[in-house]
Amino acid sequence: MATTDSSCYTVVFESAAEMPSAAELRSGLEKGSDEVKIDTLRKIIVSTINGNPQPTLMMPIIQFVMPSRNKLLKKLLHFYWEVCPKYDENGKLKQEMILVVNAIRNDLQHPNEYIRGASLRFLQKIAKDQELLEPLIPTCRACLEHRHSYVRKNAVFALYSIYREFEHLIPDAAELMHTFLIAESDSSCKRNAFVFLAHCAMPKAVEYIASIYDSIGSLDESLQMSIIEVIRLDCKNDSSQRSKYIRCTFELLNASSHAVKYEAATTLTTLTQNPTAVKAAASSLINLVIKESDNNVKLIVLDRLDNLRAKHGHVLDSLIMDVLQVLSSADIEVRRKAMSIVLSMTSSRNVEEVVLFLKKQLQKTQEAEFEKASEYRQLLIQSIHVMAVKFSEVAASVVHALMEFLGDSNNPSALDVVAFVREVVEKFPNLRATICEKLVSTIGEIKSGKVFRGVLWILGEYVEFVADIQSTMQEIRKVVGEVPILASEQRLLDEAGGDAEEEEKDKPKVEGGGRPKVLADGTYATETAFTSVAVARLEAVKTAAKPPLRTLILGGDFFTGTVLASALTKLVLRFSEKAVDKAAANMLRAEAMLIMTSIIRVGQSKFVTVQIDEDSSERILNCIQTLSELGSQPVVNETFLEDTKTAFTKMLTAQEKRAAEKKESEKKKEATIQVDDLLSFRQFSKKTADDAIDYDEDVGRATGSGEVHEDFMSNLSRISQLTGFSDPIYAEAYVKMNGFDILLDVLLVNQTANTLQNLCLDFATLGDLKIVERPATYTIAPHGFQSIKATIKVSSTETGVIFGSILWEGPNMSEACVILSDIHIDIMDYIKPAYCNEAQFRSMWTEFEWENRVNVNNSLSDPREYLKQVMKATNMSCLTPEGATSGVCDFLSANMYARSLFGEDALANLSVERTENGTITGHVRIRSKTQGIALSLGDRITMAQKDGKPITVV
């Protein structure tokens with residue numbers, strides 16, 4: 001099928017205006033000025049490209065356009081000769097083309113070097129037309145001796161294009177190019193000739209490299225790149241020149257051109273696996289990243305460096321400090337990529353140097369002029385976290401430095417520090433005392449509620465000694481402020497009023513003007529001046545400076561209040577177990593209960609922004625009850641003091657297990673070995689270098705022209721019927737997803753006894769779909785078949801619809817039409833399961849604005865089965881650990897995540913419960929940055945519920 005497809009040409013211009021008739025176009029060619037001819041020729045070229053070749057206009061073009069000396073007209077003529085039909089119905093060259101060949105020969109002998117060069121470039125476009133090219137070969141060869149390098153270099157590539165298609169036309173190509181190469185002085189001409197020589201006679205190209213071996217380092221960049229390419233091709237076989245090639249490539253690592261450096265480094269690792277050579281190549285890549293200004297190039301080179309590191313293990317570990325210099329880049333993506341490489345190269349021998357460097361970078365991020373300081377600081381904290389957990393010897397040195405950032409105004413950085421401290425304090429018991437002491441001393445600097453919750457949980461779990469508990473309680477009193485909170489706030493309000501309150505009482509109430517207020521029940525309310533003054537005083541009390549934790553509670557953050565109550569309960573329970581002084585224990589218990597009670601009371605007062613919610617109030621009351629029944633409920637004590645810590649330990653173990661499984665799965669490579677495949681014994685094979693890079697094979701894989709394994713049944717399921725069996729034309733389409741393209745292979749069957757002329761299949765789309773080709777016209781014989789292909793570009797994960805019609809000329813030139821059925825594009829082909837950590841999920845959940853809520857009403861009795869059904873229907877992965885969803889429970893809440901081929905993130909939260917009837921109720925909330933993916937996934941879940949079974953994704 002591929003051979004019948006027409007060639008792809010250069011599109012010059014396309015206009016939506018109505019196309020003029022052939023007579024009008026002829027008139028423009030005959031009588032118009034050069035400007036009119038240019039415009040007319042443009043229209044003819046576009047018409048030809050769109051399937052209307054206008055064959056009657058070829059002679060007028062030869063007569064009236066070809067003799068012109070206008071350079072733009074000559075250029076457009078080249079485009080026209082490229083796209084116009086050159087052969088008649090019998091496949092023979094048209095007679096008119098003899099005149100065209102003669103005109104091209106004259107242009108190839110033109111005194112103007114631009115016209116000669118442009119004509120030679122044009123010959124490269126028509127290199128498959130042997131009958132046109134054969135008379136022009138002698139003239140092309142003569143151009144090799146032209147005085148101007150522009151003509152010579154284009155002459156070389158014109159001959160090269162002809163030689164690739166028809167070798168017999170230039171039988172002495174190797175000798176011709178070798179002679180030309182030795183005599184040539186221009187670098188671009190030498191490069192083109194060398195590429196030609198390498199293609200037609202590789203031994204002569206190798207001989208030429210040997211002749212200029214000592215001067216390769218001083219050659220032009222393009223020629224150096226071509227030499228590297230020849231080295232790579234020659235070494236696919238066992239070349240005797242390998243040692244020379246290695247030395248030559250070593251020398252090119254010091255070239256001034258960044259492109260040459262990159263290619264030399266990549267090629268060197270395919271020639272040898274010597275550690276010195278590998279380190280030299282890696283060092284060259286690192287220098288390239290540091291010196292290159294383009295961030296995209298930096299990322300590509302870092303990817304190559306990462307591949308090198310993965311293949312050669314610890315050979316590159318000594319270069320880790322050089323890689324750290326890449327962190328000086330301003331782009332955060334480059335920094336992230338460099339940091340991931342650093343983390344993989346870190347070992348127990350260099351971890352201390354790396355951590356010291358990162359700590360210095362962390363200090364620099366506090367400078368005001370530092371670019372993107374908050375994001376970079378967060379990256380550094382996360383990296384230090386990973387190293388400290390992996391290498392216990394550095395944990396003690398970094399944990400205190402990182403705790404300085406707990407009061408950071410950048411909330412994500414402070415949260416990362418809390419996560420790090422929480423993990424370190426669990427894994428390294430010997431550091432607990434000093435970490436808790438540091439946390440207690442810095443608790444007053446914390447501003448964020450999330451950070452407060454993390455720190456309070458750590459203090460509640462890991463402060464174990466009597467003296468430490470007392471000092472912790474003392475610091476908590478400071479950040480809470482005076483208790484009872486309600487009474488102290490009321491006193492502040494009374495003091496703010498003072499004498500003004502008495503004066504207001506004596507004055508009559510004045511009705512306030514302005515807009516009336518509407519109460520909750522819909523009635524109007526009036527505002528007095530007395531009320532306004534009271535509200536102003538209350539606002540003044542609310543905005544007054546207060547301790548940080550008190551400010552959060554009065555601001556409505558009662559979740560932090562519940563964590564405080566839980567931490568106080570743990571501290572009091574532990575103190576009562578270990579303290580000898582019962583009076584001190586009772587005093588501590590009373591103080592903790594007073595703080596908890598005051599949180600509930602102030603939460604129900606006018607001093608808070610938002611009233612306390614029921615869950616928070618109930619949780620704090622449970623803590624108060626636990627302390628009031630101190631010692632009488634051992635199970636409750638065990639829950640507070642043991643179970644929460646055990647749950648955290650299990651969570652860490654599950655994370656480590658998942659990371660280990662992921663690492664193991666990356667190492668495993670699936671290999672399908674056929675029965676008659678050659679067996680390779682590793683012990684008998686000689687591994688001398690990395691796998692050679694074959695760009696031809698890479699392009700083949702990228703374009704899908706390599707091995708294609710297609711399932712016949714899967715193909716059948718993708719066929720959509722577009723018309724009915726009783727319609728004059730039966731149509732069906734095979735819909736194939738190919739990356740970012742949709743290929744429609746439409747089969748048309750003429751079910752009538754008439755010939756259908758000027759038949760046109762016209763498609764249109766809804767959603768982010770774009771039709772690439774313009775429709776062509778066809779003629780179908782009676783009961784004949786016609787296959788038509790159409791390509792559609794996809795730009796986002798949104799449910800798209802393709803619709804259209806078939807138009808043709810019926811009897812008596814009347815227009816007939818058949819409307820096609822709609823084709824709905826399945827977005828599941830573009831959505832793949834993915835993984836992100838909890839912090840990333842929460843961040844995206846807060847950021848994404850589009851939400852689709854799908855109510856769940858399913859006959860399944862097991863919530864976990866329903867979760868599996870949703871995951872299968874939506875191609876999403878479950879982020880909630882398996883341990884959290886296991887066990888017997890009527891409730892289930894789980895987070896899911898997927899990512900599209902276009903880089904779009906899709907989040908989902910499933911919250912369901914099993915009713916008394918055995919059915920499942922609840923909802924699934926889907927969030928994304930764009931509306932399309934959220935709605936599409938919601939539709940998939942709804943369809944899965946209607947079917948009562950998961951949708952099969954093919």
Decide whether Thr752 and Asn750 meet the rule of one side-chain donor and one side-chain acceptor closer than 3.5 Å. yes
Is it the case that the side chains of Tyr778 and Asn758 hold a donor-acceptor pair, with the cut-off being a distance below 3.5 Å and no angle test? no
Run the salt-bridge test on [X] and [Y] with the 4.0 Å N-O cut-off and return the result as yes or no.
{"X": "Glu851", "Y": "Arg927", "result": "yes"}
{"X": "Lys736", "Y": "Asp741", "result": "no"}
{"X": "Lys92", "Y": "Glu131", "result": "no"}

According to ring pair (Phe, Tyr, Trp, His ring centres under 6.0 Å), who are the partners of [X], at least two apart in sequence or on a separate chain?
{"X": "Tyr163", "value": "Phe196"}
{"X": "Phe157", "value": "Tyr160"}
{"X": "Phe848", "value": "none"}

Can you list the residues that meet the salt bridge (Lys or Arg N to Asp or Glu O under 4.0 Å) rule with [X], with sequence neighbours excluded?
{"X": "Lys94", "value": "none"}
{"X": "Asp905", "value": "Arg899"}
{"X": "Glu849", "value": "none"}

Validation row: [X], [Y] side chains within 4.5 angstrom (heavy atoms):
{"X": "Thr942", "Y": "Val854", "result": "yes"}
{"X": "Val301", "Y": "Tyr262", "result": "yes"}
{"X": "Met896", "Y": "Leu879", "result": "no"}

Any chance you could measure Ile926, atom CD1, to Asn852, atom CG, to the nearest 0.5 Å? 5.0 Å
Between Phe725 and Tyr730, does the ring centroid distance fall short of 6.0 Å? yes
